[in-house]
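Any value given below was found using the heavy atoms of this structure, including those in side chains, with hydrogens, waters and symmetry copies removed.
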Amino acid sequence: MNLLRTLCQIAAPSGNEAPLTEFLLQYIREQQASWKAKPKIVHDERFQDCIILVFGKPRTAVFAHLDSIGFTVRYGRQLVCIGGPRMESGYRLVGQDAQGPVDCTLTVDKQTGELGYEFTRDIERGTELTFYCDFRETAHTVQACYLDNRIGVWNALRLAETITDGIIAFGCWEEHGGGSVAYLAKYIYEEYGVRQALISDITWVTEGVRPGAGVVISLRDSLIPRRSYVDRIRTIARNSGIPHQLEVEGGGGSDAKELQHSAYPWDWCFVGAPEDNVHSPDEIVDKRDIASMLALYQVLMQEL
């Protein structure tokens, strides 16, 4: 879990994914010699802070978003949300402005709900603040801020070690409305003819999705994927014997939104581990679900 710990400790709120992008590029260049196949690395100004890895003759693309939720300093001591963070007074927030490091406390006005911070000085407007990372590991769980979606990124990096054919795309802005998957999907479809996708992300523990019961295959959320494609994935999962569970939700979404709404005929399915304490400093995931997520992705990339 050392790689996951490192990923969680790198601040990359929506719009400022560059620090995590630079870490990934360095990691990929250092590690790819030991991978089963060496990918083509696509990263230039056309794709902003996104990265595309192309292996062999790809049939399927894996999408994992780099960004996380957080806060932006407004005026005075006000904060505005990046994405949908849980908001409780007392949460420890960290960042950096031109005057130096910031280590402050979130405040939530009980009457108005207005967000602010407590600190020894005013923080420069526009500064991004993220949850302080307290990474906790037990024999059975990992707990920290930003497991959503650092586990999805971790899964994609570990997947890169073994696949010979496929595409891994690291995107941006998912937590705050999306925007990058549209041009990534356009490039991947037009350049390689790939039109089936897996969404490497984190879903939620609910009354029907339990921790420790295996990776989640989502049958639907606010959007509905093509049933024939999802049925193929379910069959592969069932035949593999890898622990998994099915999710049916009426709300929520992922990078799949931009695939479904694109002008290209993409098939997609969300496949990810469930977490509790969503969008808080205390997100928690069962290690068994992380292991089954990676195992199922390895099988799917071979058989889809």
Using distance alone, with no hydrogens and no angle criterion, decide if [X] and [Y] have a side-chain donor and acceptor under 3.5 Å apart.
{"X": "T60", "Y": "Q196", "result": "yes"}
{"X": "Y146", "Y": "Q9", "result": "no"}
{"X": "H176", "Y": "D67", "result": "no"}
{"X": "E128", "Y": "N16", "result": "yes"}
{"X": "E118", "Y": "T105", "result": "no"}
{"X": "T203", "Y": "E247", "result": "yes"}
{"X": "Q298", "Y": "Q302", "result": "no"}
{"X": "S200", "Y": "N155", "result": "yes"}
{"X": "W268", "Y": "Q260", "result": "yes"}

Is it the case that one hydrophobic cluster holds both [X] and [Y], taking links as side-chain heavy atoms less than 4.5 Å apart, direct or via other members?
{"X": "V153", "Y": "L184", "answer": "no"}
{"X": "I202", "Y": "I82", "answer": "no"}
{"X": "F23", "Y": "L25", "answer": "yes"}
{"X": "Y189", "Y": "V54", "answer": "yes"}
{"X": "L20", "Y": "I28", "answer": "yes"}

Original post:
Parallel, tilted or perpendicular: which describes the rings of Y27 and W35, with under 30° parallel and over 60° perpendicular?
Top reply: tilted
Subject >> Parallel, tilted or perpendicular, as decided by the 30° and 60° cut-offs, for the rings of F71 and F131 >> reply: perpendicular
Are any side-chain N or O atoms of [X] and backbone N or O atoms of [Y], one a donor and one an acceptor, separated by less than 3.5 Å?
{"X": "Q245", "Y": "G214", "answer": "yes"}
{"X": "T141", "Y": "E137", "answer": "no"}
{"X": "E17", "Y": "G15", "answer": "yes"}
{"X": "K257", "Y": "S222", "answer": "no"}
{"X": "R150", "Y": "L7", "answer": "yes"}

Original post:
Do R92's NZ or CZ and the ring of Y132 fall within the cation-pi criteria of under 6.0 Å and 45°?
Top reply: yes
**OP:** Pick out which of I217, I242, L198 makes a side chain to side chain contact (heavy atoms under 4.5 Å, CB included) with L300.
**Re:** L198
Would you call [X]-[Y] a salt bridge at under 4.0 Å N-O?
{"X": "R136", "Y": "D134", "result": "yes"}
{"X": "D267", "Y": "R226", "result": "yes"}
{"X": "D97", "Y": "R121", "result": "yes"}

Residue pair [X] / [Y], side-chain heavy-atom distance below 4.5 Å:
{"X": "V271", "Y": "I199", "result": "no"}
{"X": "L296", "Y": "S292", "result": "no"}
{"X": "Q143", "Y": "D282", "result": "yes"}
{"X": "I167", "Y": "I52", "result": "yes"}
{"X": "Q99", "Y": "E124", "result": "yes"}
{"X": "V80", "Y": "L115", "result": "no"}

**OP:** Go through the steps for D286 and R210 under the test salt bridge (Lys or Arg N to Asp or Glu O under 4.0 Å), then give the verdict.
**Re:** CA-CA 10 Å; D286 193 296; R210 307 310 304 168; over 6 Å; no
Who are the ring pair (Phe, Tyr, Trp, His ring centres under 6.0 Å) partners of [X], not counting sequence neighbours?
{"X": "W266", "result": "F63"}
{"X": "Y117", "result": "none"}
{"X": "F170", "result": "none"}

Original post:
When you look at T130 and V94, which way does the side chain to side chain contact (heavy atoms under 4.5 Å, CB included) test go after all the steps?
Top reply: CA-CA 6 Å; T130 55; V94 293; 4.0 Å; yes
Subject >> Worked check of side chain to side chain donor-acceptor pair (under 3.5 Å) between E22 and Q26 >> reply: CA-CA 6 Å; E22 291 305 312; Q26 181 178 350; over 6 Å; no
**OP:** Run the numbers on I163 and Y297 for side chain to side chain contact (heavy atoms under 4.5 Å, CB included), then give the verdict.
**Re:** CA-CA 10 Å; I163 63 173; Y297 267 82; over 6 Å; no
Subject >> Evaluation steps, side chain to side chain contact (heavy atoms under 4.5 Å, CB included), between L304 and I236 >> reply: CA-CA 8 Å; L304 277 174; I236 293 169; 3.9 Å; yes
Original post:
Given L294 and V215, is the side chain to side chain contact (heavy atoms under 4.5 Å, CB included) satisfied, shown in steps?
Top reply: CA-CA 9 Å; L294 176 58; V215 62; over 6 Å; no
